[in-house]
2 protein chains.
Amino acid sequence: MKKKDQIVHAAAKLFEERGYAASSMRDVADSVNLTVSSLYNHIKGKDDLLRLICFGNAEKFHDGITKVEHAHQDHEERMRAVVRLHILMSLEHSTTVTVFNDEWRHLQEPHLSFFKELRRSYEQRVLRIIKEGLISCGKEDRDARLLMYSMFSSINWLHYSAFYRNHPDREDVVRRLETMIIRAIIGD
Amino acid sequence: MKKKDQIVHAAAKLFEERGYAASSMRDVADSVNLTVSSLYNHIKGKDDLLRLICFGNAEKFHDGITKVEHAHQDHEERMRAVVRLHILMSLEHSTTVTVFNDEWRHLQEPHLSFFKELRRSYEQRVLRIIKEGLISCGKEDRDARLLMYSMFSSINWLHYSAFYRNHPDREDVVRRLETMIIRAIIGD
DNA sequence: GATTCAAGCAAACAACTGTTCGTTTAATAA
DNA sequence: TTATTAAACGAACAGTTGTTTGCTTGAATC
């Protein structure tokens, strides 16, 4: 792995554990066995680290939902795929997703505004999928936006629980969580 | 309101907006029109502020669930009451609940350990209520712990969404959210 | 009127922050 | 061999951090 990627990865781990503001560049340097000044041969600065982490994840979500839209025509199946996308992202990229979720507000302008815009347009795509899913199930009276935010949020605890993060049967956890969320959206 | 409470409240608002580590004592002082040094006539230090906020909320949740246990005998009704407790806490004390949720990790020992222990015992009480609720609905095959964490988490987005935080019909939001969560737990 | 004391302030503290600078090392290209 | 360059470093920078100190004020208590 390239040195720059090592640094970004180490930073992500620190930002996840202590938060962006509570992590110093010296902490980052220590965890890759470098001095602070050496870091600047590879990255532009502290905000650069956060930027790389946040937008790297934004791209993964973007690519993920694009695949979902192409892979499924059935509205209900599409909805299930979005839910699964979020669960799998949370489990497979738990460190960066946590930073992405909790630390994006420390981004500096103009990156902050750009990030918000990316998220807004992503939410629009998910909202559309959920709305169409609700209609095809005859549940169009339900508040799609409320369901979407709850869906996003109800997955976030995964990072924090060691019990489930290191669960021996990961497939089972994914299945149970997916079932629960789909039930919350279109169940009776 | 007593000066100390004003300071704690102002600190909570800053911690909510920028996070604990990114908020300075000078920021806190400014937002109550004092100088930094004057703050120390009222509070012990920065970690004292966080401690007051976190444990103040812990107490509210503790009192809340104790009331729920005394007020309802029916298992399903008890479960609904716990869900409603969390929704109402999130709406009525949105600032401190956000700090409570996101910034507790910056507590110092021995308060940090004590906080974790409080949370652990609180989770045990909620877990029991959910398990009994599941049994009384004939759904004891479901993972109560997974449902509990999802329930906690699925409410957290409320603070972040201006759309719902300032919704004209708050009662309606509470009702829809409660219905959705109960459906996630015991629905079909 | 004298005393006490909470509540405010300016100034300073040592430690830590992100970043820059000039230099050195070691490997590659010419 | 010489020249180039990426990658490491120590030292220093200017600013910010939480906190302490000594001092002043004004109101309450004796």
Side-chain angles (χ1 to χ4, degrees), chain A residues 1-56 96 99 102-112 115, chain B residues 1-56 96 99 102-112 115:
Chain A
M1 186 162 48
K2 202 118 176 61
K3 202 51 165 273
K4 180 172 178 177
D5 295 330
Q6 286 180 36
I7 295 171
V8 174
H9 197 265
K13 221 157 192 181
L14 280 171
F15 295 169
E16 178 195 20
E17 287 168 11
R18 316 179 188 179
Y20 176 77
S23 308
S24 76
M25 290 300 273
R26 282 159 181 87
D27 293 332
V28 176
D30 282 350
S31 64
V32 287
N33 286 320
L34 283 181
T35 47
V36 220
S37 45
S38 303
L39 290 180
Y40 289 83
N41 287 322
H42 303 275
I43 50 115
K44 288 180 193 165
K46 194 184 179 185
D47 52 316
D48 195 36
L49 287 172
L50 184 61
R51 227 193 66 243
L52 290 167
I53 297 165
C54 287
F55 285 95
T96 53
V99 176
D102 299 347
E103 310 294 332
W104 61 266
R105 61 177 160 176
H106 294 110
L107 284 169
Q108 300 183 354
E109 294 292 2
H111 312 296
L112 180 59
F115 182 85
Chain B
M1 186 161 50
K2 203 125 175 54
K3 201 51 163 277
K4 181 173 176 176
D5 295 330
Q6 287 179 35
I7 295 171
V8 174
H9 196 264
K13 216 152 195 186
L14 280 171
F15 295 170
E16 178 195 20
E17 286 167 12
R18 317 180 187 177
Y20 176 77
S23 308
S24 75
M25 291 299 274
R26 282 161 180 84
D27 294 332
V28 177
D30 282 350
S31 65
V32 288
N33 286 320
L34 283 181
T35 47
V36 221
S37 45
S38 303
L39 290 180
Y40 289 82
N41 288 322
H42 303 276
I43 49 114
K44 289 181 193 163
K46 193 183 180 186
D47 52 315
D48 196 36
L49 287 172
L50 185 60
R51 227 192 65 243
L52 290 166
I53 297 165
C54 287
F55 284 94
T96 53
V99 176
D102 299 347
E103 309 294 332
W104 61 267
R105 60 177 161 174
H106 293 111
L107 284 169
Q108 299 183 354
E109 293 291 1
H111 312 296
L112 180 59
F115 182 85

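These numbers come from a predicted model, not from an experiment. Letters A, B, ... are given to chains in the order of the sequence lines, protein chains preceding strands, and every chain is numbered from 1.
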With rounding to the nearest 0.5 angstrom, report the OG to CZ distance, A:Ser37 to A:Arg26.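 Nearest 0.5 Å value for the OG-CZ distance: 9.0 Å.
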Spatial distance of atom CG (B:Asp48) from atom CD1 (B:Ile7) [nearest 0.5 Å]: 10.5 Å
Can you find a pair of side-chain heavy atoms, one from [X] and one from [Y], that are under 4.5 Å apart?
| X | Y | result |
| --- | --- | --- |
| A:Leu39 | A:Val32 | yes |
| A:Lys46 | A:Val28 | no |
| A:Lys3 | A:Asn41 | no |

Without decimals, in angstroms, what is the distance between [X] [atom1] and [N] [atom2]?
| X | N | atom1 | atom2 | answer |
| --- | --- | --- | --- | --- |
| B:Leu39 | C:dG8 | CG | P | 9 Å |
| B:Lys4 | C:dG8 | NZ | P | 14 Å |
| A:Asn41 | C:dT19 | CG | P | 14 Å |
| A:Ile7 | C:dT19 | CD1 | P | 13 Å |
| A:His106 | C:dG18 | NE2 | C1' | 15 Å |
| B:Asp30 | C:dC9 | CG | C1' | 14 Å |
| A:Asp27 | C:dT19 | CG | P | 14 Å |

Tell me, please, the opening and closing nucleotides of DNA chain D, 5' to 3', among those with an atom under 4.0 angstrom from a non-hydrogen atom of chain A. D:dA7 to D:dA12
Most 5' of B:Lys3 and B:Val36 on DNA chain C, judged by nearest nucleotide: B:Lys3
Under 4.0 Å between any heavy atoms, over every strand shown, what does [X] touch: base, sugar-phosphate, or nothing? Just pick one.
| X | value |
| --- | --- |
| A:Ser37 | base |
| B:Ser24 | sugar-phosphate |
| A:Asp47 | sugar-phosphate |

Shortest side-chain distance from B:Arg26, nucleotide among C:dA12, C:dC9, C:dT19: C:dA12
Check: A:Arg105 side chain, B:Glu17 main-chain N or O, donor-acceptor pair, under 3.5 Å: yes
Which atoms form the tightest heavy-atom contact between A:Met25 and A:Tyr40, and what is the distance? CE-OH, 3.6 Å
Counting only side-chain N and O atoms of B:Ser38, is one of them less than 4.0 Å from OP1 or OP2 of C:dG8? no
Return no unless some side-chain N or O of B:His42 is found under 4.0 Å from OP1 or OP2 of C:dA6. no
